[in-house]
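Encoded as structure tokens, the structure appears first; notes follow it.
Every chain is numbered from 1, with letters handed out A, B, ... down the list of sequences.
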There are 2 protein chains.
Amino acid sequence: MKLASSRDRAPGRPVSRQVLADHVYEELLAWLMDGRLEPGAAVSIDGTARELDVSPTPVREALARLEHTGMVRRVALKGYRVAPVFTREDFAELMEARLAIEPVNARLACSRITPEGLADLRGAVKDLETAPRGPSFMEFRDYLEADERFHKLIAEQSGNQFMLAAYTALGGQVQRFRLFGGVGITDAEQAIAEHQAVLEALASGDPEQAAAAMADHVHKVRARAIADAPAD
Amino acid sequence: MKLASSRDRAPGRPVSRQVLADHVYEELLAWLMDGRLEPGAAVSIDGTARELDVSPTPVREALARLEHTGMVRRVALKGYRVAPVFTREDFAELMEARLAIEPVNARLACSRITPEGLADLRGAVKDLETAPRGPSFMEFRDYLEADERFHKLIAEQSGNQFMLAAYTALGGQVQRFRLFGGVGITDAEQAIAEHQAVLEALASGDPEQAAAAMADHVHKVRARAIADAPAD
DNA sequence: CATAGACAAATCCTATAGGAATGGTCCTTG
DNA sequence: CAAGGACCATTCCTATAGGATTTGTCTATG
């Protein structure tokens with residue numbers, strides 16, 4: 001694979017305000033979300049550099065950033081590995097944390113939401129409805145992306161940079177939730193209905209109702225996942 | 001300044017499982033917390049490398065990690081700068097986020113706290129009582145360190161890795177709170193009493209009481225800071 | 001005097017090279 | 001056959017060098 005370097009761009013074109021490390025970061029993130037990098041797999045710095053046809057330096061910088069998201073772990077002098085699969089306990093902890101953070105985001109967002117913000121949320125829900133939901137990951141990738149986007153939009157529109165940071169600290173982990181047991185999407189209809197309920201609560205302008213709708217959604221996601229999860 | 005390199009260690013000594021980038025990270029963090037790097041100041045990669053007598057490569061990796069904590073910001077092709085000072089709005093947002101997260105941490109920690117954990121917390125409160133509280137930053141550095149340690153211990157003992165991650169996402173920012181207006185420590189007696197109240201609630205074993213004590217503490221910190229803050 | 005352009009220094013960004021550590025394999029030895 | 005040590009390939013880690021970009025200054029011009 002060959003990433004676009006800032007060196008070989010046409011002289012007249014506007015300067016790409018992105019450096020190679022940013023491209024590498026995005027590419028690795030895509031690999032992680034695509035499942036191309038499986039949990040526990042080693043991520044070689046030199047190997048990735050060869051794969052992407054760049055030098056190890058930007059790869060090293062990109063991995064240093066990824067480490068802080070929890071998607072990869074680093075052991076000094078041994079390299080980076082993709083974070084291991086979720087256990088049942090990990091999942092329970094994640095849902096506990098989401099319950100603490102996301103309803104607050106919904107409440108804050110409700111009192112300052114703009115028509116544009118509502119439109120974005122509606123778009124995310126619409127994408128959720130129309131996204132294909134096949135059995136393999138590539139087939140419900142768009143579904144998960146729309147789901148993640150919905151929740152992130154609410155965090156952004158809370159207007160609180162720290163709540164967004166707190167959500168983001170979970171957000172990278174939320175992606176890994178798909179690995180929990182490897183179950184597919186079996187609850188799409190119910191999840192979509194819950195998202196619509198959150199959306200309507202936000203549109204209604206009642207902060208407490210928005211918080212309650214979000215809490216209800218997270219509660220039900222947890223309950224369904226526990227029911228679906230394979231036994232240990 | 002000369003950092004200890006893995007190269008010039010005695011052959012017999014146990015291997016230092018830390019690489020240069022880790023030392024640079026710790027050193028930069030100390031600079032930030034010491035106030036040696038002021039908000040808005042540029043952090044030159046090459047300059048820092050010369051200062052620490054290392055090559056720019058580990059400095060680059062350390063800064064990439066620091067960026068994710070919010071302590072420094074990066075602009076492509078322009079370098080890193082220390083994050084700007086807190087505004088009144090930033091502070092209000094931070095307290096809002098702490099109110100969402102820290103009482104939950106206290107509640108979770110309460111139901112699973114160990115005697116060792118309680119002892120650690122008692123130690124932090126004791127350090128808080130005995131720390132000097134002079135007007136300049138160096139003189140109340142230990143006080144702030146003990147304060148931060150108390151809250152971080154509770155986050156750790158929540159037993160929830162994601163709540164800890166969420167708190168940490170704020171934690172780096174909490175340090176910057178000291179820059180808010182540059183006011184010194186004027187509320188030590190009250191703050192210590194509130195910490196003791198949280199400690200006693202945790203020791204009592206009543207999760208809701210622990211959450212309430214923590215919420216009360218954060219509320220009062222906010223109220224006092226707003227009262228102390230200089231006018232815009 | 002104000003403004004635009006050119007030059008120079010500092011800095012960032014990437015590539016390359018080599019030392020150092022790790023992990024696995026093979027061989028030797030009890 | 002099992003256990004321990006040596007060797008080698010792979011990979012990480014750091015230093016160095018040079019191209020690319022930004023920024024400040026200086027000069028010339030309207």
Return the value, rounded to whole Å, for the distance between atom [atom1] of [X] and atom [atom2] of [N].
| X | N | atom1 | atom2 | value |
| --- | --- | --- | --- | --- |
| A:Ile45 | C:dT22 | CD1 | P | 15 Å |
| B:Leu63 | C:dT11 | CG | P | 14 Å |
| A:Leu52 | C:dA15 | CG | C1' | 15 Å |
| B:Asp53 | D:dT14 | CG | P | 14 Å |
| A:Tyr80 | D:dT11 | OH | P | 16 Å |
| B:Glu61 | D:dA15 | CD | P | 12 Å |
| A:Arg60 | D:dT11 | CZ | P | 14 Å |
| B:Arg74 | D:dT21 | CZ | C1' | 14 Å |

Should B:Val82 and B:Glu38 be marked as a side-chain contact (heavy atoms from CB on, under 4.5 Å) after you check the CA-CA gap, both sets of side-chain angles, and the distance that decides it? CA-CA 7 Å; B:Val82 180; B:Glu38 293 184 3; over 6 Å; no

Please classify the nucleic acid contact of A:Val59 as base, sugar-phosphate, or nothing, using heavy-atom distances under 4.0 Å. nothing

Name the nucleic acid region contacted by A:Thr57, choosing base, sugar-phosphate or nothing; use a 4.0 angstrom heavy-atom cut-off, strictly under. base

Keeping the roles fixed (side chain from A:Asn105, backbone from A:Ser158), state whether a donor-acceptor pair exists under 3.5 Å. no

Got a donor-acceptor contact below 3.5 angstrom from the A:Arg81 side chain to the A:Gly40 backbone? yes

Output the single nucleotide from [options] whose closest atom is nearest the side chain of [X].
| X | options | result |
| --- | --- | --- |
| A:Pro56 | C:dA15, C:dA21, C:dT16 | C:dT16 |
| A:Arg50 | D:dA15, D:dT11, C:dT11 | D:dT11 |
| A:Leu77 | C:dA21, C:dC13, C:dT11 | C:dA21 |
| B:Val19 | C:dC13, D:dT11, D:dT14 | D:dT14 |
| A:Lys78 | D:dC13, C:dG23, D:dT11 | C:dG23 |

Taking OP1 and OP2 of D:dT10, is either one under 4.0 Å from a side-chain nitrogen or oxygen of A:Ser44? no

Using heavy atoms to find the nearest nucleotide of DNA chain D for B:Asp46 and B:Ser55 separately, return the residue whose nucleotide is more 5′. B:Ser55

In terms of relative ring orientation, are A:Phe162 and B:Phe86 parallel, tilted or perpendicular, with 30° and 60° separating the classes? tilted

Are the side chains of A:Val221 and A:Met95 in contact, using a 4.5 Å heavy-atom criterion? yes

